[in-house]
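What follows is a short report on a single structure.
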Amino acid sequence: QVQLVQSGGGSVQAGGSLRLSCVASGYSQSRYWVAWFRQAPGKEREGVAVIYTGGGAPLYADSVKGRFTISQDNAENTVYLLMSSLKPEDTAMYYCAAAVTPIYSDSWRDRYKYNYWGQGTQVTVSS
């Protein structure tokens, strides 16, 4: 049984930083795609960043490019999202998601491509 357990998040003032963690367990394969999504009240869940644990350049949504960094620690089966220069519009529930089938650059933001989801963690940015 694959599980994704998230930690991190919280409240911060605009301009601050936070780091989210997503620990994966129960995978039968060693390489997979992990993305971070977020969902603000009344809005659709949107993809923020994605990384392939087997290597390659991560992808980012335009709204976070240059401010957020997705990274991995394969030894710990953990994917991180470092969020810097946070803005009030970054306020949302953040979810990590994982896929065992290939994720392509033109569809990585499609939530239905992902098989497993973390429990979610709230990020609140005040002005």
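No experiment lies behind these values; they were computed from the predicted model shown. Sequence positions, counted from 1, serve as the residue numbers for this chain.
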Practice item. Please answer: with hydrophobic residues joined when any side-chain heavy atoms are less than 4.5 Å apart, are Val50 and Met93 in the same cluster? Key: yes
Atom of [X], atom of [Y] and distance for their closest heavy-atom approach:
{"X": "Gln39", "Y": "Lys43", "result": "NE2-O, 3.1 Å"}
{"X": "Ile70", "Y": "Val34", "result": "CD1-O, 3.8 Å"}
{"X": "Tyr114", "Y": "Ile103", "result": "OH-CG2, 3.7 Å"}

Practice item. Supply the atom-to-atom distance Gln72 CD to Thr53 OG1, rounded to the nearest 0.5 angstrom. Key: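 Reported to 0.5 Å precision, the distance equals 6.0 Å.
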Check your understanding: How many angstroms lie between atom OG1 of Thr121 and atom CG of Leu81, to the nearest 0.5 angstrom?
Key -> 11.0 Å
Exercise for review: Using the test ring-ring contact (aromatic ring centres under 6.0 Å, His included), find all partners of Trp117 that sit at least two apart in sequence or belong to another chain.
Suggested key: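 Per chain and number, Trp117 pairs via ring-ring contact (aromatic ring centres under 6.0 Å, His included) with Phe37.
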Exercise for review: For Tyr95, enumerate each residue passing the ring-ring contact (aromatic ring centres under 6.0 Å, His included) test, keeping only those at least two apart in sequence or located in another chain.
Suggested key: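 Tyr95: no ring-ring contact (aromatic ring centres under 6.0 Å, His included) contacts found.
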Review point. Given Asn115 and Tyr32, is the side-chain contact (heavy atoms from CB on, under 4.5 Å) satisfied, shown in steps?
Key: CA-CA 11 Å; Asn115 312 99; Tyr32 42 90; over 6 Å; no
Check your understanding: Does Tyr112 have any side chain to side chain contact (heavy atoms under 4.5 Å, CB included) partners at least two apart in sequence or in another chain, and if so, which?
Key -> Asp110
Review point. Any donor-acceptor pair under 3.5 Å linking the side chain of Asp73 with the backbone of Glu76?
Key: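 It does hold such a pair.
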Using atom types as modelled, flag every donor-acceptor pair under 3.5 Å from a side chain in residues 82-92 to any protein atom, sequence neighbours excluded.
unit_1 : atom_1 : unit_2 : atom_2 : d
Asp90  : OD1    : Arg38  : NH1    : 2.9
Asp90  : OD1    : Arg67  : NH2    : 3.0
Asp90  : OD2    : Arg67  : NH1    : 2.7
Asp90  : OD2    : Arg67  : NH2    : 3.4
Asp90  : OD2    : Lys87  : N      : 2.8
Thr91  : OG1    : Pro88  : O      : 2.9
Thr91  : OG1    : Val125 : N      : 2.9
Thr91  : OG1    : Val125 : O      : 3.4

Within the 4.5 Å heavy-atom criterion, are [X] and [Y] side-chain neighbours or not?
{"X": "Cys22", "Y": "Thr78", "value": "no"}
{"X": "Val123", "Y": "Leu18", "value": "yes"}
{"X": "Val2", "Y": "Val100", "value": "no"}

Atom pairs and distances, donor-acceptor, side-chain atoms in residues 3-14, under 3.5 Å, two or more places apart:
unit_1 : atom_1 : unit_2 : atom_2 : d
Gln6   : OE1    : Cys96  : N      : 3.1
Gln6   : OE1    : Gln119 : N      : 3.4
Gln6   : OE1    : Gly120 : N      : 3.0
Gln6   : NE2    : Tyr94  : O      : 2.9

Point to revise | Listed once per pair and sorted, the ring pair (Phe, Tyr, Trp, His ring centres under 6.0 Å) pairs that draw on residues 39-92, sequence neighbours left out | key: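 Ring pair (Phe, Tyr, Trp, His ring centres under 6.0 Å) check on residues 39-92 returns Trp33-Tyr52.
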